[in-house]
Amino acid sequence: MTDKSAAPEKKDFIRKIMDEDLEAGRVKTIVTRFPPEPNGMLHIGHSKAIVIDFGTAEERGGYTYLRFDDTNPTTEDTMYVESIQRDVHWLGFDWGDRLRFASDYFDQLYEWAEVLIRDGKAYVDSLNEAEIREHRGTVKQAGERSRYADRSIEENLDLFRRMKAGEFPDGSHTLRARIDMANPNMKMRDPLIYRIRHAHHHRTGDKWCIYPMYDYAHPLSDAIEGITHSLCTLEFENNREVYDWFVENVPCNARPRQYEFARLNISYTVMSKRKLLELIEAGIVDGWDDPRMPTLSAYRRRGYTPTAIRAFVNSIGVSKANSIVDKMQLENAQREELNYTAPRRMAVLEPLKVVLTNYPEGEEEHLEAVNNPERPEDGVRNVPFSRELYIEREDFMEDPPKKFFRLAPGREVRLRYAYFITCEEVVKDANGTITELRCTYDPATRGGDAPDGRKVKATLHWVSAGHAVEAEVRLYDHLFAHPNPLSVKEGEDWKQNLNPTSLVTLKQCKLEPALMEVDQGYRCQFERKGYFYVDQDSKPGALVFNRIVTLRDTWAKIEKQLKHQGKL
RNA sequence: UGGGGUGUCGCCAAGUGGUAAGGCAGCGGUUUUUGGGGCCGCCAUUCGCAGGUUCGAAUCCUGCCACCCCAGCCA
């Protein structure tokens, strides 16, 4: 199999820039970084950044830093630095000994801030938060420099050192770059470099009470690490000018460049930490790893594979246009892999009993079933067969429409790897609910072929009643009913438009006995139903399976059409 | 009456003056003991719109339109 999770052969604009820089000798090794802030869980949107950051460098023999952007002690937590590392590893990337924290550079960053002051390029401002906002002007109006901007270098240095020494309360002073309060780019209007925060930092403890801002810390951390290509998302385009200003005005000897690409959005879900948190707090999902969430921990729990996620990311390309990728594209990547790797098993999710009236009572036999038709080398297994079986309820219709060619009264179908059976009688209870089908089987069709060349139009999966293993099966679907949950009318809550069947839990499903002893983490295809994964809640004797993704289902499409036309 | 970006098939996305790649979805057919999968075929005379330059424009020029981002002591 060709590795679909490998780099795309068509180069995107970032890969082109890297190769040009290499060829022109502007850089000799590609060095990138993935810079998460440790204040939340990673979601599939991040996997695009991760795959691009690590992938582009790796392909070119370069390397990547995993750098936590921990410049804001009030929102960050070590618990996230662990979960983020686990997720990046799970996706299949390794940073070797290049784990870093922006806080590792606090001393250097501080030194360079003093250099900026000495060069007259930074000053201590003592405006309060509201005043700073007012002085910044608006998007269409120039700002105005602070009345504190003209302090002497000595005074600035003294004030800054006392800020560092903890002499002032939070918010009383800031260090700002002296750039241009009238710049049409708001980010260039004397951006803040340091703010006072008497807060405990998860790594530096109480050493600091001033913390650098992103616009200052990020470019210079890149410079310190020798990052050549600093890749980020579109909303930072305006920050690039500040990025360059700091790199050029501080005595670092590196020249990293920032490039921006569009972040990943997927239909039928939302992709921001804040909104995901809202879903949890509203009780709409069970937590960060609820399999309906787009977090990496949720995909992992649901049963998605890291290789499929990487293949998906590589399939969508890299560009600068905002977009929402069809979730089918992700599902396709997962099916493509599992079709090749997942063993096939039979499982009846919504059982309907079938009694073979001409099959001897008390008898059983074992029939050979292929493990994976895509890979004959995976061999075969034996599946027990007997007089009483279960088939899928939806595989029988008493009064079938033209296009339904599964089991119906008087109709003959094949039981996969077993026999042809014909439905002779429908048994119902007092409410008219079908409780049992009485059928006959043709002993000559053992294995599933008729010696007389007779054909059937359908093959059903089944499980022998006496041998069935019971399990709980959780069928997952997208959480939202609308492809773009956020496109709601004014005043409407985006959390309203939910898919009522995003989770359907089925108990007492009937599985073939080969599934009896599977462990957590086991993945297989339930024939004709989809790909499934043994959930972490699963225990021997109380198995729990998650549906990762369905199989493509032509009948479901026809059924939907028929219902739409009122013919069903 | 600011600045920075983006607009190519239903959804992604190549293309950078020589006459619209590819993937996903969809639709036919074929094969098939999964209505799965495989295989074959169809699916943009047209590139946000309007002009212009050119033998020739998605690509160059001009004007317009739409959408996204920027006024955190967040990142």
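All values below were derived from every heavy atom in this structure, side-chain atoms included, with hydrogens, water molecules and symmetry-related copies excluded. None of these values were measured; they are calculated from a predicted model.
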Protein proximity profile, nucleotides 35-41 of chain B - base contact B, sugar-phosphate-only contact S, no contact -, cut-off 4.0 Å on heavy atoms: BBS----

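A:Thr71 comes within 4.0 angstrom of the backbone, heavy atoms only, and of no base. Contacts of A:Asn39 with the nucleic acid, taken as non-hydrogen atoms under 4.0 Å apart, are absent. Using a 4.0 Å heavy-atom distance criterion, A:Ser319 is classed as a sugar-phosphate-only contact. Using a 4.0 Å heavy-atom cutoff across all strands shown, A:Val139 reaches at least one base atom of the nucleic acid. A:Val370 comes within 4.0 angstrom of no nucleic acid atom, judged by non-hydrogen atoms across all strands. At the heavy-atom level, A:Ile193 lies nowhere under 4.0 Å from the strands shown. When heavy atoms are screened at a 4.0 angstrom cut-off, A:Asp449 is found touching base atoms of the nucleic acid. Using a 4.0 Å heavy-atom cutoff across all strands shown, A:Arg133 reaches sugar-phosphate atoms only and no base atom. Across all strands shown, A:Ile132 has heavy atoms under 4.0 Å from base atoms, whether or not it also approaches the sugar-phosphate. Among the atoms of the strands shown, base atoms are found under 4.0 Å from some heavy atom of A:Lys187.
Straight-line distance between the P atoms of B:A21 and B:C9: roughly 14 Å, to the nearest whole Å. For the C1' atoms, the distance from B:C27 to B:C67 is 32 Å, rounded to whole Å. For B:C11 and B:A44, the C1' atoms lie 14 Å apart once the distance is rounded to whole Å. Annotation: B:G23 and B:C43 have their C1' atoms spaced 14 Å apart (nearest Å). Annotation: B:G28 and B:U19 have their P atoms spaced 34 Å apart (nearest Å). B:A71 and B:U8 are spaced 35 Å apart, taking the C1' atom of each and rounding to whole Å. Rounded to whole Å, the P atom of B:G72 lies 26 Å from the corresponding atom of B:A66. For the C1' atom pair drawn from B:U16 and B:U34, the interatomic distance equals 48 Å after rounding to whole Å.
A:Arg195 has a side-chain polar atom (N or O) that falls below the 4.0 Å cut-off from OP1 or OP2 of B:A75. Contact annotation: A:Lys557 reaches the phosphate of B:G26 (side-chain N/O to OP1 or OP2, under 4.0 Å).
The existence of a salt bridge linking A:Asp395 and A:Arg406 is confirmed by a sub-4.0 Å separation between a basic side-chain nitrogen and an acidic carboxylate oxygen.
Using the Watson-Crick or G-U wobble rule with both distances under 3.5 Å, B:C42 pairs with B:G26. The pairing partner recorded for B:G72 is none, the criterion being a Watson-Crick or G-U wobble arrangement whose two distances lie under 3.5 angstrom. Checking B:U6 for Watson-Crick or G-U wobble geometry (two distances, each under 3.5 Å) identifies B:A66 as its partner.
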Report each atom pair, protein N/O against N/O of nucleotides 20-23 of chain B, whose distance is under 3.5 angstrom.
| unit_1 | atom_1 | unit_2 | atom_2 | d |
| --- | --- | --- | --- | --- |
| B:G23 | N2 | A:Gln329 | OE1 | 2.9 |

At a cut-off of 3.5 Å, list every protein nitrogen or oxygen paired with a nitrogen or oxygen from nucleotides 67-69 of chain B, distance to 0.1 Å.
| unit_1 | atom_1 | unit_2 | atom_2 | d |
| --- | --- | --- | --- | --- |
| B:C68 | O2' | A:Asn322 | ND2 | 3.2 |
| B:C69 | O2 | A:Asn238 | ND2 | 3.3 |

N/O donor-acceptor pairs under 3.5 Å from side chains in residues 549-560 of chain A, not counting sequence neighbours:
| unit_1 | atom_1 | unit_2 | atom_2 | d |
| --- | --- | --- | --- | --- |
| A:Asp553 | OD1 | A:Trp555 | N | 3.2 |
| A:Asp553 | OD1 | A:Ala556 | N | 3.0 |

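Side chains of A:Glu392 and A:Glu350 form a contact here, defined as non-hydrogen atoms less than 4.5 Å apart.
Applying the salt bridge (charged side-chain N to carboxylate O under 4.0 Å, His left out) test to every pair with at least one member in residues 211-224 of chain A, sequence neighbours left out, gives these pairs: A:Arg67-A:Asp222. Every pair passing salt bridge (charged side-chain N to carboxylate O under 4.0 Å, His left out) that includes a residue from residues 128-137 of chain A is listed here, sequence neighbours excluded: A:Glu131-A:Arg147.
In A:Lys567, the NZ atom is not crowded: 12 or fewer heavy atoms of neighbouring residues, nucleotides or ligands sit closer than 6.0 Å.
Side-chain atoms of A:Glu37 and A:Thr75 form a donor-acceptor pair, as typed in the model, at a separation below 3.5 Å. At a cut-off of 3.5 Å, with distance as the only test, a side-chain donor of A:Thr307 or A:Glu337 sits close to an acceptor on the other residue. A side-chain donor-acceptor contact under 3.5 Å links A:Arg345 and A:Asn371.
Taking a 4.0 Å limit (strictly below) on heavy-atom distances, residues 167-182 of chain A reaches RNA chain B at A:Gly171, A:Thr174.
In terms of position along RNA chain B, the nucleotide closest to A:Ala321 lies nearer the 5' end than the nucleotide closest to the other residue of the pair A:Leu192 and A:Ala321. When each of A:Asp70 and A:Lys16 is assigned the nucleotide of RNA chain B bearing its nearest heavy atom, the one mapping closer to the 5' terminus is A:Lys16.
With sequence neighbours excluded, the residues satisfying salt bridge (charged side-chain N to carboxylate O under 4.0 Å, His left out) with A:Arg145 are A:Asp190. For A:Asp69, the side-chain contact (heavy atoms from CB on, under 4.5 Å) criterion is met by A:Pro35, A:Thr71, A:Ala102, A:Tyr214, A:His218, not counting sequence neighbours. Under the ring pair (Phe, Tyr, Trp, His ring centres under 6.0 Å) criterion, A:Phe160 pairs with A:Tyr110, A:Tyr194, not counting sequence neighbours. Partners of A:Tyr533 by side chain to side chain donor-acceptor pair (under 3.5 Å), not counting sequence neighbours: none found. Remark: A:Tyr148 pairs with A:Asp125, A:Ser126, A:Leu127, A:Ser146, A:Arg151 by the side-chain contact (heavy atoms from CB on, under 4.5 Å) rule, at least two apart or across chains.
Straight-line distance from the CG atom of A:Asn484 to the P atom of B:G10: 18 Å, rounded to whole Å.
Looking at A:Thr32, its side chain does come within 3.5 Å of a backbone N or O of A:Asp53 through a donor-acceptor pair.
Look at B:G38: its glycosidic torsion is beyond 90° from 0, and that puts it in the anti range.
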Trace of the ring pair (Phe, Tyr, Trp, His ring centres under 6.0 Å) decision for A:Phe236 with A:Tyr243: CA-CA 10 Å; A:Phe236 292 101; A:Tyr243 183 104; over 10 Å; no

